[in-house]
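Following: one structure in structure tokens, then a few remarks.
Note that ligands are numbered from 1 as they come in the structure, with each ligand's atoms numbered from 1 the same way.
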Amino acid sequence: MDYTIIIVFLSFVMGVVSETEILCTTSYCTSYITEYGCNSLYGACRAMNSTYHGTYLPYPAACNCCDYCLQSLNEGEICVEGLPGMLPPAEMCGLGLYCTANENNPATCQQLVSHCTNAQDEYDERAANGTLGSMEVRPLCDGEGDFMPAHCIPGSICYCVSPYGDRIFGEIPYKNPWDVEQMTCECSLNAWKAQNTLDPNYTVHVARCLSNGLFDPLQCMNGPNGTCLCVDSFTGSPRIGISTVTVLELAEDSPTCFDPTIHTNGTYDTDCEEQYNTILAAIDSYVAEGNTNHGLALPSCQPDGRYARVQISGSKKICVDPSGNQIESYEAFTNSTAADIMDCNCARTRWLLKQAGVVELPSCCNFGNFEAWQWRRNETFCVDVNGDQIGREVPSQNVATLACYQTNIGDPCLV
Ligand SMILES: *[C@@H]1O[C@H](CO)[C@@H](O)[C@H](O)[C@H]1NC(C)=O
Ligand SMILES: *[C@@H]1O[C@H](CO)[C@@H](O)[C@H](O)[C@H]1NC(C)=O
Ligand SMILES: *[C@@H]1O[C@H](CO)[C@@H](O)[C@H](O)[C@H]1NC(C)=O
Ligand SMILES: *[C@@H]1O[C@H](CO)[C@@H](O)[C@H](O)[C@H]1NC(C)=O
Ligand SMILES: *[C@@H]1O[C@H](CO)[C@@H](O)[C@H](O)[C@H]1NC(C)=O
Ligand SMILES: *[C@@H]1O[C@H](CO)[C@@H](O)[C@H](O)[C@H]1NC(C)=O
Ligand SMILES: *[C@@H]1O[C@H](CO)[C@@H](O)[C@H](O)[C@H]1NC(C)=O
């Protein structure tokens with residue numbers, strides 16, 4: 001592989017293999033505890049009831065051999081902000097609370113304010129003042145105030161979001177609540193972090209994802225003679241004890257995580273990646289001949305290696321399914337204004353829901369975006385670019401009272 005390596009990928013390969021397997025054996029911990037002992041747990045950590053509880057953390061010494069737990073402080077209690085070199089604290093602010101400095105007063109545990117908690121507050125206010133739509137979903141925040149990785153639209157899809165709540169790669173049809181628990185989006189987040197923290201001038205090779213944002217259980221590195229190994233789909237950690245093969249040796253059951261419905265004998269490249277490499281080689285040879293006006297467009301591939309939703313085809317942009325086939329007839333001339341805002345989110349949602357046998361499908365503009373308002377039964381409501389409802393629904397005949405109807409001067413596909 002070129003300059004960049006699978007940074008995130010390698011870091012967990014090294015982490016798991018070198019630390020867990022070689023150093024941190026049960027016998028290592030047994031002798032560690034014999035030699036150094038473990039501190040007894042605070043009362044709060046043993047009680048663990050609503051008023052008196054603690055937070056378990058990784059033990060701050062090699063191998064996490066001892067249980068380690070700090071007493072949780074409640075909102076408004078005085079806390080100490082950690083400083084480098086200080087002794088480890090005995091207590092810390094509980095879930096959702098952060099130790100926040102107050103002018104001239106000691107720091108106290110306060111509700112965390114973040115993009116996500118702000119979004120929750122706005123949701124709660126609108127629920128109270130009656131401006132909330134029936135299909136709007138309260139944002140879910142984690143203990144650090146970040147958005148939880150999966151966002152689901154009732155009757156539609158779940159998609160992965162970044163810690164800031166922006167949509168990232170990874171989606172599934174939303175059929176039952178159990179789907180969400182499975183949708184941890186770790187691979188999508190891994191790809192998102194790599195794209196946002198590494199030098200954008202280099203192509204970043206990150207672990208291959210599945211369409212739902214989990215890790216592809218088969219990961220290969222370094223071209224045809226490179227190594228393939230099996231990983232855990234949720235964490236991306238290598239599964240120990242499964243023999244590796246080279247890419248050229250890939251075949252059914254070799255290695256055991258090879259899945260013939262998504263993997264191909266003898267190669268790890270997908271159709272999109274192969275097409276990308278072929279066209280790139282053609283462009284290079286045109287350019288070498290001094291011909292820069294070759295008219296060739298590279299396909300755009302997703303973190304699962306399949307086709308991204310918007311592709312260029314001749315003088316048009318088209319919406320495609322993951323295999324690269326145009327969805328219905330969603331398209332726009334590349335020279336049009338629609339092409340500039342074309343996201344194909346609606347076209348892809350329709351495709352995904354149809355695959356899942358859903359009959360109530362969203363209405364899309366002919367260039368593949370969501371129409372600004374959608375219809376359900378007798379009602380109509382505004383949506384955003386991902387099809388999430390914004391604001392309260394109204395009876396269909398009152399469509400002209402919708403805020404989005406007014407800003408779009410009656411055109412659901414205004415460009
Ligand atoms: C929580 O546990 C502590 C210590 O065991 C006890 O004193 C307290 O009454 C308990 N509180 C509740 C609400 O159960
Ligand atoms: C309802 O609350 C939202 C969020 O704070 C606010 O933007 C909106 O103006 C309020 N609407 C009414 C009618 O009070
Ligand atoms: C990426 O390349 C551009 C043009 O060569 C350069 O201006 C920019 O500084 C580079 N970015 C980084 C992060 O190195
Ligand atoms: C892969 O290995 C084979 C045999 O060892 C060698 O002939 C071939 O050149 C290698 N290919 C690449 C791309 O390194
Ligand atoms: C892939 O390899 C397996 C095992 O060698 C073989 O049975 C299967 O037919 C091959 N599939 C294709 C599509 O070539
Ligand atoms: C855009 O491109 C199409 C096809 O190439 C052409 O027919 C059309 O006239 C162009 N429109 C504008 C506004 O340039
Ligand atoms: C549609 O609206 C009418 C009158 O407002 C109502 O009687 C009917 O139950 C509604 N149908 C549905 C499916 O909501």
Side-chain angles (χ1 to χ4, degrees), residues 39-56 67 69-77 90-97 109 111 113-141 145 147 165 216-220 224-230 242-275 305-306 323 381-384 388-395 398 400-407:
N39 293 330
S40 61
L41 291 177
Y42 294 109
C45 297
R46 293 195 302 266
M48 287 305 242
N49 62 34
S50 59
T51 50
Y52 199 47
H53 48 90
T55 304
Y56 279 84
D67 277 340
C69 168
L70 300 180
Q71 309 186 70
S72 301
L73 296 170
N74 294 316
E75 189 167 5
E77 291 193 274
E91 40 197 29
M92 63 184 278
C93 297
L95 196 65
L97 302 175
C109 295
Q111 287 271 351
V113 176
S114 68
H115 289 298
C116 189
T117 59
N118 285 339
Q120 285 184 332
D121 290 347
E122 198 218 312
Y123 179 97
D124 295 342
E125 263 179 60
R126 294 203 297 116
N129 76 12
T131 54
L132 195 66
S134 61
M135 306 278 261
E136 287 192 71
V137 181
R138 189 169 191 268
L140 293 172
C141 311
F147 281 84
D216 186 333
L218 176 68
Q219 297 286 339
C220 301
N225 288 345
T227 308
C228 298
L229 71 168
C230 294
I242 293 178
S243 53
T244 60
V245 302
T246 68
V247 173
L248 289 168
E249 290 164 350
L250 282 176
E252 265 168 61
D253 287 329
S254 174
T256 49
C257 56
F258 183 96
D259 173 355
T261 63
I262 49 174
H263 303 129
T264 312
N265 289 0
T267 179
Y268 195 56
D269 285 346
T270 59
D271 290 349
C272 186
E273 289 163 343
E274 261 172 28
Q275 191 191 5
R306 310 196 68 197
S323 304
F381 53 92
C382 299
V383 296
D384 69 7
D388 281 285
Q389 180 168 356
I390 324 174
R392 204 182 165 120
E393 57 278 359
V394 300
N398 298 347
T401 63
L402 289 174
C404 55
Y405 185 98
Q406 290 164 10
T407 50

Task: Rounded distance (nearest 0.5 Å) linking atom CG of Leu218 with atom SG of Cys230 - done: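 Answer for the CG-SG pair, Leu218 versus Cys230, is 6.0 Å.
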- [ ] Could you grab the distance from atom CD1 of Ile390 to atom CG of Asp384, nearest 0.5 Å is fine?
- [x]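 Ile390 CD1 to Asp384 CG: 5.0 Å, rounded to 0.5 Å.
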TODO: Report, in ascending order of atom number, the atoms of ligand 1 lying under 4.0 Å from any heavy atom of Tyr52.
DONE: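 Once the distances to Tyr52 are compared, the set is 1 (C), 2 (O), 3 (C), 4 (C).
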Task: Ion pair Asp271/Arg306, N-O distance below 4.0 Å - done: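 Looking at Asp271 and Arg306, the cut-off is not met.
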- [ ] Report the C-alpha distance between Ile262 and Asp216 in whole Å, list the side-chain angles of each, state the deciding distance to 0.1 Å, and finish with yes or no for side-chain contact (heavy atoms from CB on, under 4.5 Å).
- [x] CA-CA 9 Å; Ile262 49 174; Asp216 186 333; 4.3 Å; yes
- [ ] For Glu393 and Ser134, test the side chains for any donor-to-acceptor distance below 3.5 angstrom and give the result as yes or no.
- [x]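 Side-chain D/A pair, Glu393 to Ser134: present.
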Open item on the list: Just so I know, are the side chains of Leu132 and Tyr123 near enough to count as touching, which here means a heavy-atom distance under 4.5 Å?
Closed with: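 Sidechains of Tyr123 and Leu132: in contact.
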Open item on the list: Would you say that Phe381 contacts Arg392 through its side chain, given a criterion of any heavy-atom pair below 4.5 Å between the two side chains?
Closed with: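 The answer is no; the side chains never approach within 4.5 Å.
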Task: N/O separation below 3.5 Å, Asn129 to ligand 2 - done: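 In this structure, Asn129 places an N or O atom under 3.5 Å from an N or O of ligand 2.
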Open item on the list: Under a 4.0 angstrom heavy-atom cut-off, which atoms of ligand 2 come close to Glu125?
Closed with: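 The list of qualifying atoms is 4 (C), 5 (O).
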Output, or 'none' if empty, a list of ligand 5-protein atom pairs in which both atoms are N or O and the distance is under 3.5 Å, rounded to 0.1 Å.
residue: ligand 5; atom: 2 (O); partner: Asn265; partner atom: OD1; Å: 3.4
residue: ligand 5; atom: 2 (O); partner: Asn265; partner atom: ND2; Å: 2.4
residue: ligand 5; atom: 11 (N); partner: Asn265; partner atom: ND2; Å: 2.9
residue: ligand 5; atom: 14 (O); partner: Asn265; partner atom: ND2; Å: 3.3

